[in-house]
Amino acid sequence: MKIFLIGFMGSGKTHWGHMLSERLELPFFDLDAVIVKTENKSISDIFTEKGEEYFRYKEKEVMEELVNDHEKFILSCGGGTPCFFNNILFMKKHGKVVWLNTSVEVLKTRLLKERQSRPLVRAIGDAELKSFIVRKLGERKMYYSQADVIVEEENADIHSLLE
Ligand code: S3P
């Protein structure tokens, strides 16, 4: 079984990915972390030095390699992964896609604390962060909502939803 965790930055994909991988005894991969390792550069440096377009190609390529090289896993995707190319269809074809639909307020609180490592929000001030999240989430919902399973993170036990 291949499980793809998708959702906005700060939605808890990495946290839940670790939990699920332990409970379901599946290997865990974090797509951003694999890209950082392959490129030997932080995500911020990749964006700054090579640009977002390069990052999106790399993201697609690394995800496809993981899918081809492994029979089963939990993959925590980047917030933008399902929104570029035909990635969401590719994921649905190869496994189960789970969207962590975390509330704007929770995303805001988390991103206020963890902005530096995320190039898309690094330069956004505290006052603008909420409207950025609302706008970007609005643009991305058409991709996220194609998931096979939708989890309201604050209330749900992902494990029971996957059974
Ligand atoms: C991005 C989310 C990030 C990372 C990159 C772009 C996005 O991953 O892939 O900064 O477009 O939403 P996280 O969702 O793990 O922060």
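Note that the numbering runs from 1 along the sequence shown for the chain. First listed ligand is number 1; within each ligand, the first listed atom is number 1.
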Going by the closest heavy atom to atom 5 (C) of ligand 1, which one wins out of I43, I6, L120? I43

Relative to each other, are the rings of F55 and F47 parallel, tilted or perpendicular (30° and 60° limits)? tilted

Matching residue for I133 among V121, I124, V104 - test: side chain to side chain contact (heavy atoms under 4.5 Å, CB included): V104

Residue-ligand contact R56/ligand 1, heavy atom below 4.0 Å: yes

Shared hydrophobic cluster, M19 / L26 (ILVMFWY, side-chain heavy atoms < 4.5 Å): yes

Can you pull out the closest protein heavy atom to atom 14 (O) of ligand 1? Residue, atom name and distance to 0.1 Å, please. K13 NZ, 2.7 Å

Quick one: nearest non-hydrogen protein atom to atom 15 (O) of ligand 1, plus distance? D32 OD2, 3.4 Å

Short N/O distance, under 3.5 Å, between G7 and ligand 1? no

How far is atom 7 (C) of ligand 1 from its nearest protein heavy atom, and which residue and atom is that? G80 N, 3.3 Å

Under 4.0 Å from one or more heavy atoms of P119, ligand 1 contributes atoms 10 (O)

Scan K96, K93, K92 and name whichever one has a salt bridge (Lys or Arg N to Asp or Glu O under 4.0 Å) with D148. K92

What protein heavy atom sits nearest atom 16 (O) of ligand 1, and how far off is it? R118 NE, 2.6 Å

Ring centres under 6.0 angstrom apart (F85, Y57): yes

Return the orientation label for the Y144 and F8 ring planes: parallel under 30°, perpendicular over 60°, tilted otherwise. perpendicular

Within the 4.0 Å heavy-atom cut-off, what R140 brings close to ligand 1 is side chain

Take H94 and F4 through the test ring pair (Phe, Tyr, Trp, His ring centres under 6.0 Å) and record every step on the way to the result. CA-CA 9 Å; H94 291 277; F4 299 86; 7.8 Å; no

Ligand 1 atoms nearer than 4.0 angstrom to some heavy atom of F55 are 9 (O)

